[in-house]
Every structure is written in structure tokens, then in C-alpha cells.
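In each ligand, atom 1 is the first atom listed, and ligand 1 is the first ligand listed. Scope of the values below: all heavy atoms of this structure, side chains included, with no hydrogens, waters or symmetry mates.
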Amino acid sequence: MKEQNKIREQFPILNQKINGYNLVYFDNGATSQKPLSVIESISDYYKNSNSNIHRGVHTLSRKATELFEQARKTLAQHFNVNNDQQLIFTAGTTDSINMVAQGLAKNYLQTGDEIILSTYEHHSNILPWQLWAEANGGKLKVIPLLEDQTIDYAAIPALISAKTKLIAITHVSNTLGLITDLEKIKTIAQKNNIPILVDGAQSAPHMPIDLQKLNVDFFVCSAHKMYGPTGIGLLYLSEKWLKELSTSKPGGGTIKTVTFEKTEYAEGALRFEPGTPNISGAIGFAAAIDFMNSVGTQTIFDHEHELVQYAQKKMSEIPEVIIYGKSDHKAGVISFNIKEQHPFDVGTLLDKYGIAVRTGHHCTQPLMHCLNVQGTVRISFAIYNTKEEIDIFIEKLVKVIKMLN
Ligand SMILES: Cc1ncc(COP(=O)(O)O)c(C=O)c1O
């Protein structure tokens, strides 16, 4: 990509040595690095506009409120949502899924109901449903994988019963990078009138997301994987669920009127945003969205796709490397192991060369069982990564293999 240097210059953290080597940051699936515009938007806020929002009449409070609500509008435009009230600021993907699970538990899910998940799911999209199921005699049904580690869509109809109340599925597997065909899921779900929750933690950072086109019930993601700050994320609710989802977190700011006898709740996003929200986080999230749009989300996808293809090809030439979920239809992630070696050893030795990778189960233990491994080494890319970095990674990986054998 022509503008690569200009992009990298915006990420000061990349310009450092780790153990005497130039940092190669391939752990973007866990969290991405932040451009100066995001860092400065947060420090600017604290320098010039910090105040509590929504209930103040003074100038600073109005300024902070405006910045916070402008952030919501920026996100609405980015995700192509007409009514910005459908976008709720949360602490992140995990928080968003918990809010949906607890909200649905109040007035939608009944004893003995069933929820369909996929084998790919991150623990964050398993545990909230499992907790509900354990307390309510509910059941989780799991979509299996085919031999090539893609989702077995043909198996879904057999999992559906009159008690199926939700399909909660990841858009992109954080471990394998494989992309779920949501159109197939939607066709089956709509035929059976089943709502869908999409875990977009690994799709929103890597590809264009149009929530009108996607047309699902719930979509969740985290800013920190999208060049934004930690501790802030998004819960998108369809118009129907904006009205019907119960709030699981009541508190100041969510109400119209309160008496000791009864509370009338606010309408729209505020109903789900109790207490003082992460104001600087929302502003940083919007700055991160602006950064992504300054590059272009399709450009990000295309660049990372090229990196995945390039890396997979080079890695395939190393006989000791086993790649999981090898495919061209991927978003920025490659999981692999070195034959007969523990992933932690591979990760630790790569770190000695300044290469940051993630090792372990990646919060997807059921998927690890399915792959019949304890863990993997995962490299995951962002817009600032380069083919040169992949060349360095390959060279050092070969050295690591020699050291371990
Ligand atoms: C697919 C997926 N879902 C959920 C999460 C949880 O995100 P967070 O820790 O930001 O809440 C992650 C984080 O790695 C993820 O990759």
C-alpha cells in the first residue's frame, strides 16, 4: 500500500525496539494500537471539555454532552444506522452481550428455551447464555464445523425447534479468522422467526459493516480492537429491541421520573446507559472511527487480506507449520502450531525477536477441543502491518523452529 509509511507514523508505539529488535505487532486480534488522533482526542477532552454530561446547564457540561452525542452520531453514520438511539455505549463486546442476555432473560426467554451458538464462539458469547441456561433449564445447541473448519450451515435446521429463541453467532472467528456467512444464518433464522445476535468484535475492525444491510437484531463490538480506547464498546439494537429489550442495569440517567413506588424509564439509548458513562472513551471511539474512515474500511479489509494470503503462503512452505482454518475467505487472522511444540514456547521465543503474537486457547476452549489442540499461536493483522514484517516473522519463525528441535 502506497500510504503505508504515513499510516505507521500515526502510531507512535510501533516505533520502538523490543529486546533489541524493531517491534512487529501481530496481536491486533487481542487489541489494536491507537493512532495519535485517538490519543489526542482523549487528552484534548480532559484538557478542554471534561465535565459530566446530560444533566448540566453550564457551558462545559453542554460541551461534553455535545461531544458524547456527536460520537454516537459518528458511529451511526459509520455503521449506516438512521436512528442513532439504536447505538448504546457499553464497556465492550462482553458487556454488550451480557446486557442482551440479562435483558432477554427478564421478559423474553422462558424456562426450557433453546439458544443456538456456533463452535467458533468466544467465551464472552457462551458464558452469559450458559449462565441463563443453567438457571432456567435452558439449552445451548451448537452448530458444528465441517472438516475444513468452516461452519456446517446445513446442520442448522436440525438444531431448530419450537423452543429456539435466539441465534448468537460470531461474525469472524477470533481464533481462525474465518468469516461467517450471515446471509445463510439470516435465511434460516427469518424462516423460523428467530432473532440473531452478531458478535462483531472481530469483524468491525476489519471490514465495512452496514447495519441496515446486515439487518440483524443485535450487533456488538469493542472500540479497543478498532484503533480506539479500552473500556468502551457498542450495542446495536434493532428498532424492535430498542423498545422491547429490558434494561438490566438501572441507574441515574436512565429515567424520566422516579418515585419510591415506581420508575418511568427514558426512551432510546439513555435507558441502557446508567451512571456516568465512559465519556472520553466514546470520544476516542469516534476518533478511531474517523481514523478507519480516513483509510477506508474496504482498504483495510483488502490490505489485511493481502497480508493473510502472503503469510499463509509463506507459512505453508515451512513443513513444521500446521495452519488451522486455512482459507482465502478470512479477516486478518492466522492460527497455527509448530508440530510437536507448545504454542507458549513458540510465542515466548518470537517475543525475544520483538514479535508480539498471542498463544493459548484465545478464549475459545470449545473450538480448541474441536481442533483437538490445547492452544495455538495466533498472528492477527491491522492496517499498519506490512509484508516486510511478515518476512521478518517468517525468518524468525524458522529460527525458532530450529531452536526448538
Ligand atoms: C469474537 C470475540 N468476541 C468477544 C470478545 C470479547 O471482547 P472484549 O474483551 O472487548 O469484551 C473478543 C475479544 O477478543 C472476541 O474476539
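Looking at ligand 1, you'll find an N or O of Lys225 within less than 3.5 Å of one of its N or O atoms. Ligand 1 has no N or O atom lying under 3.5 Å from any N or O atom of Ser124, backbone or side chain. Here's the thing with Thr94: one of its N/O atoms is less than 3.5 angstrom from an N/O atom of ligand 1.
Note on ring orientation: taking the six-membered ring where Trp is involved, the planes of Phe68 and His54 are perpendicular (angle over 60°, cut-offs 30° and 60°).
In this structure a side-chain-to-backbone donor-acceptor pair under 3.5 Å is present from Asn293 to Ile289. Looking at Ser61, its side chain never comes within 3.5 Å of a backbone N or O of His58 through a donor-acceptor pair. Looking at His305, its side chain does come within 3.5 Å of a backbone N or O of Asp328 through a donor-acceptor pair.
Cation-pi geometry between Lys184 and Tyr153 is met: under 6.0 angstrom from the ring centre, within 45 degrees of the axis.
Taking every non-hydrogen atom of Thr170 and a distance limit under 4.0 Å, the qualifying atoms of ligand 1 come out as 1 (C). Atom numbering of ligand 1 starts at 1 in the shown order; those under 4.0 Å from a heavy atom of Ser222 are 7 (O), 8 (P), 10 (O), 11 (O).
With respect to atom 1 (C) of ligand 1, the closest heavy atom belonging to the protein is Asp199 OD2, 3.4 Å. Shortest contact from atom 16 (O) of ligand 1 to any protein heavy atom: Gln202 NE2, 2.7 Å. The single protein non-hydrogen atom nearest to atom 15 (C) of ligand 1 is His122 CD2, 3.3 Å, given as residue, atom name and distance.
Contacts between Thr93 and ligand 1, counted as non-hydrogen atom pairs separated by less than 4.0 Å, involve both the backbone and the side chain.
For an aromatic pair to be called close, the ring centres must be under 6.0 Å apart, and Tyr108 with Trp241 satisfies this. Residues Phe381 and Phe26 bring their aromatic ring centres within 6.0 Å.
Heavy-atom distances between His224 and ligand 1 reach below 4.0 Å in at least one pair.
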